[in-house]
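If you're wondering where the values come from, they're calculated on a predicted model, not measured in any experiment. These values consider heavy atoms only, across backbone and side chains, with no hydrogens, waters or symmetry-generated copies.
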Amino acid sequence: MDETEFWELIDGSRETAGGDPEEQAGLLVEWLLDCDPETVLDFARHFESRYNRAYRWDLWGAAWVLLNGASDDAFDFFRCWLIGQGREVFEGALHDPDSLADLLGDFDEEIDGDGEDLGYAADEAYEQLTGTVAPDLGLAPAPAEPEGTPLDLENDRVLARRYPRLWDRFRA
């Protein structure tokens, strides 16, 4: 599976699920069950590498504003959800986290921002296909700390200045 195929699966599942991340994860599992185990592992590698790329302070700050707070776990689930939004939103957010204010359409606080199940889709499909737990993906370990300069996530003034568009849309 190449990068284009990865994003096609992400986009197709999101559109079919109507943007619901739980439904999207279920669809991904179904669709991955039609693949061979190595293709499922390729999907997992693509997902995990993007998940690790998004482990950044500036993105955590954007998630904090968007979600009105984001613990370690909430930021993990946010990164899964962000991948689930597709290539344009994901890459746009990495380029300029404040651009999420413009990249995101409607935002439903009940379902958006939490894509925990998306992070397990490949593992679930692999286990159903093979009856075994997925092996190590052979990727570099995730960083111990987010990349970039730490932010004071609990300082509203800092966040409003750093993410003016997100602040105006989601917190003002």
Side-chain angles (χ1 to χ4, degrees), residues 1-56 59-60 62-97 99-140 142 166 169-170:
M1 173 176 292
D2 64 20
E3 184 175 10
T4 299
E5 293 168 319
F6 170 79
W7 286 117
E8 286 172 353
L9 272 177
I10 293 291
D11 288 339
S13 62
R14 182 188 70 257
E15 290 165 12
T16 302
D20 183 313
E22 284 184 32
E23 287 184 38
Q24 183 180 7
L27 285 168
L28 281 171
V29 171
E30 285 179 36
W31 295 355
L32 290 170
L33 287 172
D34 290 336
C35 301
D36 62 83
E38 191 56 41
T39 300
V40 174
L41 293 177
D42 285 344
F43 178 91
R45 286 182 195 99
H46 282 288
F47 194 97
E48 191 72 18
S49 68
R50 280 148 189 84
Y51 178 79
N52 290 342
R53 274 182 62 207
Y55 194 48
R56 300 175 8 180
L59 201 55
W60 198 342
W64 191 280
V65 172
L66 186 65
L67 303 173
N68 198 17
S71 66
D72 292 355
D73 287 343
F75 183 52
D76 290 346
F77 305 154
F78 172 83
R79 290 183 289 149
C80 293
W81 174 83
L82 187 62
I83 295 165
Q85 298 309 294
R87 185 181 214 161
E88 180 182 343
V89 173
F90 179 79
E91 294 295 341
L94 263 60
H95 177 72
D96 175 12
S99 71
L100 280 170
D102 306 318
L103 292 169
L104 297 175
D106 291 337
F107 189 85
D108 182 343
E109 293 177 12
E110 296 297 316
I111 62 170
D112 288 324
D114 181 351
E116 178 180 10
D117 294 342
L118 292 169
Y120 300 118
D123 291 336
E124 188 174 325
Y126 188 87
E127 194 166 329
Q128 286 185 40
L129 282 171
T130 67
T132 62
V133 173
D136 181 77
L137 298 174
L139 298 173
L166 279 170
R169 180 169 173 199
F170 294 99

Margin query: Nearest 0.5 Å, please: how far is CG in L118 from CD1 in I10?
Written below: 6.5 Å
Check: Does a side-chain N-to-carboxylate-O contact under 4.0 Å join E91 and R50?
Finding: no
Please table the atom pairs, donor to acceptor, closer than 3.5 Å between any side-chain atom in residues 27-34 and protein atoms at least two apart or in another chain.
none

Note to self: Taking ring-ring contact (aromatic ring centres under 6.0 Å, His included) as the cut-off, I'd like each qualifying pair that reaches into residues 101-125, sequence neighbours left out, listed once.
What the structure shows: W81-F107, F107-F170
Margin query: Take a 6.0 Å sphere around CD of E22 and say whether it holds more than 12 heavy atoms from other residues, nucleotides or ligands.
Written below: no
Next item on the list: Please report the shortest heavy-atom distance between V40 and C35, naming the atom on each side.
Entry: CG2-CB, 4.2 Å
Note to self: Can you confirm whether more than 12 heavy atoms, excluding those of E88, are under 6.0 Å from its CD atom?
What the structure shows: no
Notebook entry, point to check: With sequence neighbours left out, what residues match E110 under salt bridge (charged side-chain N to carboxylate O under 4.0 Å, His left out)?
Noted result: none
Item checked: E23 vs S13 side-chain heavy atoms within contact, under 4.5 Å -> no
Distance-only donor-acceptor pairs under 3.5 Å for side chains of residues 63-76, two or more places apart:
residue	atom	partner	partner atom	Å
W64	NE1	L153	O	2.8
N68	OD1	R171	NE	3.1
N68	OD1	R171	NH2	3.2
S71	OG	A74	N	3.2
D76	OD1	Y51	OH	3.3
D76	OD1	R79	NH2	2.5

Item checked: Residues in side chain to side chain donor-acceptor pair (under 3.5 Å) contact with E109, at least two apart in sequence or another chain -> none
Next item on the list: Establish, from distance only, whether the side-chain atoms of S49 and N52 form a donor-acceptor pair under 3.5 Å.
Entry: no
Check: Can you name the closest pair of heavy atoms from D123 and A134 and give their distance?
Finding: OD1-CB, 3.9 Å
Next item on the list: Test E38 against R45 for salt bridge (charged side-chain N to carboxylate O under 4.0 Å, His left out), laying out the working first.
Entry: CA-CA 10 Å; E38 191 56 41; R45 286 182 195 99; 3.2 Å; yes
Note to self: Once salt bridge (charged side-chain N to carboxylate O under 4.0 Å, His left out) is applied, do any residues pair with D20, and if so which ones, sequence neighbours excluded?
What the structure shows: none
